[in-house]
Amino acid sequence: MNLFENHIPLEKVKQNEPLKDHTYIQLGGKADILIHPTTQDEIKSIVEIAKKQQLPVTVIGKGSNVIIKDSGIRGITISLSHFDQIQVSGNNMVAQSGANIMDVSSMALDHSLTGLEFACGIPGSTGGALYMNAGAYGGQMAEVVERASVITKNGEVLDIPRADMKLGYRDSIFRTNDYIILEVELKLAQGNKDVISSIMQDLTFKRQSKQPLEYPSCGSVFKRPEGHFVGRLIQDCNLQGTRIGGAEISLKHAGFIINADHATADDYLELIQLIKQKVYEAFKIDLETEVIILGE
């Protein structure tokens, strides 16, 4: 029986869908039900049906900063990757949560808007970037976000201003509640297009030269401990290049774990635990994961 008949077009609903096909790291088990909504009404319908059927709901964006366990995800998984419209009005931009933050940054450049240069190489959704207050090279979402529109688990749509988002280092109110981010409004400033472009080119070069972008990964695995660099801690433990199964600590950047050869989520999680253990033994520092781990 199709629970979503008359609410969601059939082609947007998939059963027993391998989630490795929907994540940057290319691993993880299956979703019982995976839905790709393209409208706010569809998202609202999913939330209401899930509540009525007492089914858990998991939300993913571009799948760039997640590890999905090999056992997969029960209930309903919503992928917002096709909910991705972007609009510009003066110095403000409104992006649906599934819009690639790199595309938003690129559109800001097209309109000579400055403030989002830091995001030109972040491979995630706009909603995901706000969820974790993503940042790079001295910039972060907290500096440019104005408000967010969200839907609650009860199907209520709310506007959340920046002041209520509790934005901290890789943290926000969205990590501790059941809101689904629908759209994000960003407040930027007029700038010089050539200067903005030059900054973005420089940041892109730095990212490409220092990060193992030639392999599937989920980006930086750990948050940066105060006063330390994660990559240096891992290097000092002589762990760089260590492999468990198909997961490997990158030789190019020790803060990244790459999918070197058909890794499983178990390989990845075991390597994370090894890193945490060795770094704590050597430096008495508890590394905290930045990557989001989903599934059973």
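Reckoned from all heavy atoms, side chains included, excluding hydrogens, waters and symmetry mates.
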Taking only residues two or more places apart in sequence, or in another chain, which ones meet [X] in a salt bridge (Lys or Arg N to Asp or Glu O under 4.0 Å)?
X      : result
Lys166 : none
Arg175 : none
Asp178 : Lys153
Glu42  : Lys12

### Query
Can you list the steps and then say if Leu55 with Leu3 is a side-chain contact (heavy atoms from CB on, under 4.5 Å)?
CA-CA 11 Å; Leu55 291 170; Leu3 294 173; 3.8 Å; yes
Can you tell me how far [atom2] of [Y] sits from [atom1] of [X], rounded to the nearest 0.5 angstrom?
X      : Y      : atom1 : atom2 : answer
Leu80  : Gln96  : CG    : CD    : 9.5 Å
Arg162 : Ser172 : CZ    : OG    : 14.0 Å
Met132 : Tyr169 : CE    : OH    : 8.0 Å
Ile8   : Ile43  : CD1   : CD1   : 9.0 Å
Cys218 : Ile25  : SG    : CD1   : 4.0 Å
Ser81  : Ile60  : OG    : CD1   : 7.0 Å

Kindly give the heavy-atom pair with the smallest separation between [X] and [Y], and that separation in Å.
X      : Y      : value
Asn133 : Ala142 : OD1-N, 2.9 Å
Ile68  : Gly72  : CG2-CA, 4.4 Å
His7   : Ser45  : ND1-OG, 3.8 Å
Pro225 : Val230 : CD-CG2, 3.5 Å
Gly124 : Asn100 : O-OD1, 3.2 Å
Ala263 : Leu27  : O-CB, 3.6 Å

### Query
Taking atom types as modelled and ignoring hydrogens, do the side chains of His22 and Glu17 form a donor-acceptor contact shorter than 3.5 angstrom?
yes
### Query
Going by atom types alone, do Thr204 and Gln208 pair a side-chain donor with an acceptor below 3.5 Å?
no
Strictly by salt bridge (Lys or Arg N to Asp or Glu O under 4.0 Å), give each pair with a member in [range] just once, sequence neighbours left out.
range            : value
residues 239-250 : Arg243-Glu248
residues 115-138 : none
residues 190-205 : Asp202-Lys206

### Message
Is there a side-chain contact (heavy atoms from CB on, under 4.5 Å) between Ile76 and Phe4? Walk through the geometry before answering.
### Response
CA-CA 11 Å; Ile76 299 168; Phe4 304 96; 3.5 Å; yes
[X] [atom1]: over 12 foreign heavy atoms closer than 6.0 Å:
X      : atom1 : result
Tyr215 : OH    : no
Phe205 : CZ    : no
Glu214 : CD    : yes

In this structure, would [X] and [Y] fall into the same cluster of hydrophobic residues linked by side-chain contacts under 4.5 Å?
X      : Y      : answer
Leu116 : Ile181 : yes
Val157 : Tyr179 : no
Ile73  : Tyr268 : no
Val59  : Ile67  : no

Give a yes or no on whether the backbone of [Y] and the side-chain of [X] come within a donor-acceptor separation of less than 3.5 Å.
X      : Y      : answer
Ser250 : Ile257 : no
Arg147 : Ile160 : no
Asp103 : Ala99  : no
Arg74  : Ala31  : no
Ser217 : Gly219 : yes
Asp70  : Gly29  : no
Glu296 : Ser71  : no
Thr77  : Thr58  : no
His111 : Met107 : yes
Thr126 : Ala95  : no

### Query
Between Val145 and Leu130, does a side-chain contact (heavy atoms from CB on, under 4.5 Å) hold up when you go through it step by step?
CA-CA 8 Å; Val145 66; Leu130 179 59; 4.0 Å; yes
### Query
Taking Ile180 as the fixed residue, which of Val47, Val150, Ile46 is the one that meets the side-chain contact (heavy atoms from CB on, under 4.5 Å) rule?
Val47
### Task
Dump the intermediate steps for side-chain contact (heavy atoms from CB on, under 4.5 Å) on Leu19 and Lys30, then the final yes or no.
CA-CA 5 Å; Leu19 288 166; Lys30 295 180 179 180; 6.0 Å; no
List the atom pairs, donor and acceptor, that lie under 3.5 Å between side-chain atoms in residues 276-294 and the rest of the protein, sequence neighbours left out.
unit_1 : atom_1 : unit_2 : atom_2 : d
Gln277 : NE2    : Glu281 : OE2    : 3.1
Glu288 : OE2    : Lys223 : NZ     : 3.0

Residues 84-94 side chain polar contacts: donor-acceptor under 3.5 Å, at least two apart:
unit_1 : atom_1 : unit_2 : atom_2 : d
Asn91  : OD1    : Gln190 : NE2    : 3.1
Asn92  : ND2    : Glu185 : OE2    : 2.6

### Members sharing Leu10's hydrophobic cluster (side chains within less than 4.5 Å)
none
#### Entry: Residues that, via side-chain heavy atoms closer than 4.5 angstrom, fall in one hydrophobic cluster with Leu109
Ile196, Met200
### side-chain hydrogen bond (donor to acceptor under 3.5 Å, both in side chains) contacts touching residues 251-265 (sequence neighbours left out)
Thr264-Asp267
### Query
Does the pair Glu48/Lys52 count as a salt bridge with the N-to-O cut at 4.0 Å?
no
